[in-house]
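Quantities reported herein were computed from a predicted structural model and do not represent experimental measurements.
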Amino acid sequence: MTTKTTFVAATLAGSLAAALGMVASAAATPAAPQPNMDKCYGVSLAGQNDCAAGAGTTCAGTSKVNYDARAWKYVAKGTCETIKTPKGMGHLKAM
């Protein structure tokens with residue numbers, strides 16, 4: 001490879017890495033507040049939480065376990081504690 005080709009390849013690789021980093025960081029933020037919705041813990045499937053989760057996760061969409069009691073998902077106000085999962089009912093606070 002010539003110096004110019006090496007430089008172009010390195011620049012493109014750096015740009016791609018930066019773009020992927022921005023996409024990943026945008027996806028790992030809490031979901032926007034939802035009026036008339038409650039944060040319900042323990043009801044989301046793996047990768048479908050709106051935020052908060054256990055070790056090794058960063059935020060929205062990063063839960064690794066179904067029905068993690070530390071991960072929440074927005075649900076219609078007043079319905080959280082009526083949602084039944086294989087691990088029990090939904091909670092308004094992290095367990």
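- If you take CD1 on I83 and CE on M89, they are separated by 8.5 Å, rounding to the nearest 0.5 Å.
- Annotation: side chain of P86 is in contact with side chain of Y67 (closest heavy-atom distance under 4.5 Å).
- Across K77 and D38, no two heavy atoms sit closer than the pair NZ-OD1, 3.0 Å.
- Not a single donor-acceptor pair under 3.5 Å links the side chain of K73 to the backbone N or O of K39.
- Distance check: D68 CG to T85 OG1 gives 11.0 Å after rounding to the nearest 0.5 Å.
- Minimum interatomic distance between R70 and M95 (heavy atoms only, all atoms of both residues): CG-O, 3.8 Å.
- Pairing each heavy atom of G90 with each of V43, the nearest pair is CA-CG1, 3.6 Å.
- Without hydrogens or angle criteria, E81 side chain to T79 main chain gives no donor-acceptor distance under 3.5 Å.
- Residue P33 comes nearest to Y74 through the heavy atom pair CA-OH, 3.2 Å, listed as atom of the first residue, atom of the second, then distance.
- Not counting sequence neighbours, the partners of S63 by the side-chain hydrogen bond (donor to acceptor under 3.5 Å, both in side chains) test are N49.
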(request) Report the C-alpha distance between Q34 and V75 in whole Å, list the side-chain angles of each, state the deciding distance to 0.1 Å, and finish with yes or no for side-chain contact (heavy atoms from CB on, under 4.5 Å). (result) CA-CA 9 Å; Q34 302 288 317; V75 299; over 6 Å; no
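- A single hydrophobic cluster is seen to contain both Y41 and M37, as judged by linkage of ILVMFWY side chains at heavy-atom distances under 4.5 Å, directly or through other members.
- Rounded to the nearest 0.5 angstrom, H91 NE2 and C40 SG are separated by 8.0 Å.
- Summarising the geometry of C59 relative to P30, their closest heavy-atom pair is SG-N, 3.4 Å, with the distance given to 0.1 Å.
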